[in-house]
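Notes follow the structure.
We name chains A, B, ... by the order of the sequence lines, and we start the count at 1 in each one. On a predicted model such as this, the values are computed, not experimentally measured, just so you know.
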2 protein chains.
Amino acid sequence: MPIHTLVNGNYSDSVSVDDRGLAYGDGLFETIKVTSGKPEWLELHLQRLLEGCCRLQIPLDLILIRQDIRRLLDEYDISQAIIKIIISRGGSERGYKSDLQKGSNRLVSLQAWQQNYSRQQTQGVITRLCDTRLAINPALAGIKHLCRLENVLARSEWQTAVIDEGLMLDSDSRLVEGTMSNLFLVSEQRLITPSLHRCGVAGVIRQQIIEKLSVALNLHCVITDVTIDDAYRAEEIFVCNSLMGIWPVIAIGCHRKPVGDITVRLQQALMAGN
Amino acid sequence: MPIHTLVNGNYSDSVSVDDRGLAYGDGLFETIKVTSGKPEWLELHLQRLLEGCCRLQIPLDLILIRQDIRRLLDEYDISQAIIKIIISRGGSERGYKSDLQKGSNRLVSLQAWQQNYSRQQTQGVITRLCDTRLAINPALAGIKHLCRLENVLARSEWQTAVIDEGLMLDSDSRLVEGTMSNLFLVSEQRLITPSLHRCGVAGVIRQQIIEKLSVALNLHCVITDVTIDDAYRAEEIFVCNSLMGIWPVIAIGCHRKPVGDITVRLQQALMAGN
């Protein structure tokens with residue numbers, strides 16, 4: 001599937017070897033689903049990107065990002081697609097020190113994407129508990145930075161297609177998220193999602209559930225520390241991200257769960273809400 | 001200063017936008033000092049790179065790396081230089097999942113480098129204690145992977161040229177290393193260096209000091225957990241890496257230290273030993 005990429009506004013399939021994103025993971029990314037030619041949850045994605053750039057002190061011009069997205073969507077008439085944005089701290093001399101005035105590199109790419117997740121959404125998914133842990137670093141928690149080796153190692157723990165996602169603990173054994181998704185439990189009619197101030201990525205669907213959908217469905221939503229035992233005891237579990245929507249979790253290893261009513265109601269609200 | 005880079009054996013100044021080193025920090029690097037046309041500590045660097053590739057399960061062909069280095073040194077007659085190697089897990093489809101059969105991308109670059117560290121080596125350096133912490137992740141500890149945002153953030157904490165290095169604690173407040181260097185204390189005629197099994201990069205000069213120089217100088221060397229108070233109490237402190245050699249630390253913030261005798265003896269042994 002060809003990828004069309006604008007690198008700093010010009011079509012290119014490559015980036016300079018001195019890019020700090022490559023050298024040090026010194027940057028951020030977003031992955032945005034395009035449905036019927038329209039980027040979903042665009043404002044939430046751009047808001048998170050902006051927050052990440054503020055945190056890392058990387059310059060960002062959202063007007064240019066919007067122009068790139070518009071141009072790609074206009075020039076390639078792809079109805080179902082993924083837009084990926086990478087913002088790095090640009091090129092630099094060797095060494096960790098960066099020139100704060102130097103600017104950034106901006107990659108915006110478009111790729112057709114026909115993935116169908118209806119099986120996962122309706123029947124639910126089997127997950128595993130990963131051995132790879134998430135390290136605790138509040139300075140990097142929540143943002144979608146480029147340093148993702150933990151997620152890569154966790155995802156490499158299984159090859160079978162029977163398992164759709166892996167759940168990850170932090171180094172103090174709190175349950176935090178999936179390798180590519182956020183996690184919610186349902187317990188006594190309450191939504192519970194792990195706190196992400198130590199590690200993890202604060203996804204846009206998680207944000208939408210916390211701020212909008214739980215309110216619309218009159219569900220109390222709690223952001224707190226969660227253990228794997230909390231998950232085993234929960235009535236329902238689901239994982240979510242902006243590409244896959246909401247997937248009911250029907251198993252963590254050999255611990256089985258039903259596809260729950262509240263999960264299904266949230267799925268419906270999410271589909272109606274975008 | 002021009003950089004000459006071989007990307008998978010061909011001269012290029014760019015790497016594909018789908019490279020997993022850029023996308024996820026999914027790779028490793030080495031930085032090697034070239035003196036009088038000869039790469040210093042080459043075997044130790046290649047050994048560490050190999051260990052890192054084994055840990056991350058990234059294919060590595062050291063014969064090709066050696067060929068690239070040889071070619072760059074032959075074709076560009078640069079006496080004093082830096083060789084930088086980046087090995088990434090190659091290109092891939094979107095997503096953390098990787099194809100273990102797919103190979104890797106290999107970047108080997110040469111750049112002239114005339115940096116003179118004689119002031120730092122003879123007079124010693126002033127350091128600061130960084131606010132940015134190193135996260136604990138034994139799966140990634142020791143190897144020189146591409147996910148270096150913690151080092152970048154720590155290095156961004158100061159701009160003044162008066163400070164040459166920052167010291168970093170881990171998230172449990174153990175003293176681990178410098179932003180770009182390893183750390184040794186001298187206390188009661190013993191060498192002490194922080195254990196790196198939770199986080200940090202195990203540098204080749206650190207390894208050389210532990211395995212060779214301390215033996216040659218008849219110094220007992222202890223690898224253990226270290227606190228900042230241990231550093232304040234130590235008789236001597238120094239930091240080291242393969243580009244800068246050994247730098248005596250004459251201050252951590254306002255805590256002053258002398259340039260110590262054992263540090264100077266190790267500097268002499270290091271220079272004689274390569």
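- Proximity to chain B is limited to the side chain of A/L140, based on heavy atoms less than 4.5 angstrom apart.
- For residues 16-23 of chain A, the interface with chain B (any heavy-atom pair closer than 4.5 Å) comprises A/S16, A/V17, A/D19, A/R20, A/G21, A/L22, A/A23, sorted by residue number.
- For chain A, the nearby parts of B/L149 are the backbone and the side chain; heavy atoms of each come within less than 4.5 Å.
- The distance from the CG atom of A/D26 to the CG atom of B/L146 is 12.0 Å, given to the nearest 0.5 Å.
- Within the structure, no pair that satisfies the salt bridge (charged side-chain N to carboxylate O under 4.0 Å, His left out) test touches residues 129-150 of chain B, not counting sequence neighbours.
- Within the 4.5 angstrom heavy-atom criterion, only side-chain atoms of B/W113, from C-beta onward, approach chain A.
- Within the structure, no pair that satisfies the salt bridge (charged side-chain N to carboxylate O under 4.0 Å, His left out) test touches residues 4-16 of chain A, not counting sequence neighbours.
- For the options B/S88, B/A135, B/S12, heavy-atom pairs under 4.5 Å to chain A are most numerous at B/A135.
- Annotation: the span from B/C199 atom SG to A/N137 atom CG amounts to 10.5 Å, rounded to 0.5 Å.
- Evaluation of the ring pair (Phe, Tyr, Trp, His ring centres under 6.0 Å) test over residues 79-99 of chain A, restricted to residues two or more places apart or in two chains, returns A/Y24-A/Y96.
- For B/T31, the part lying near chain A is the side chain, with the backbone staying farther off; criterion is any non-hydrogen pair under 4.5 Å.
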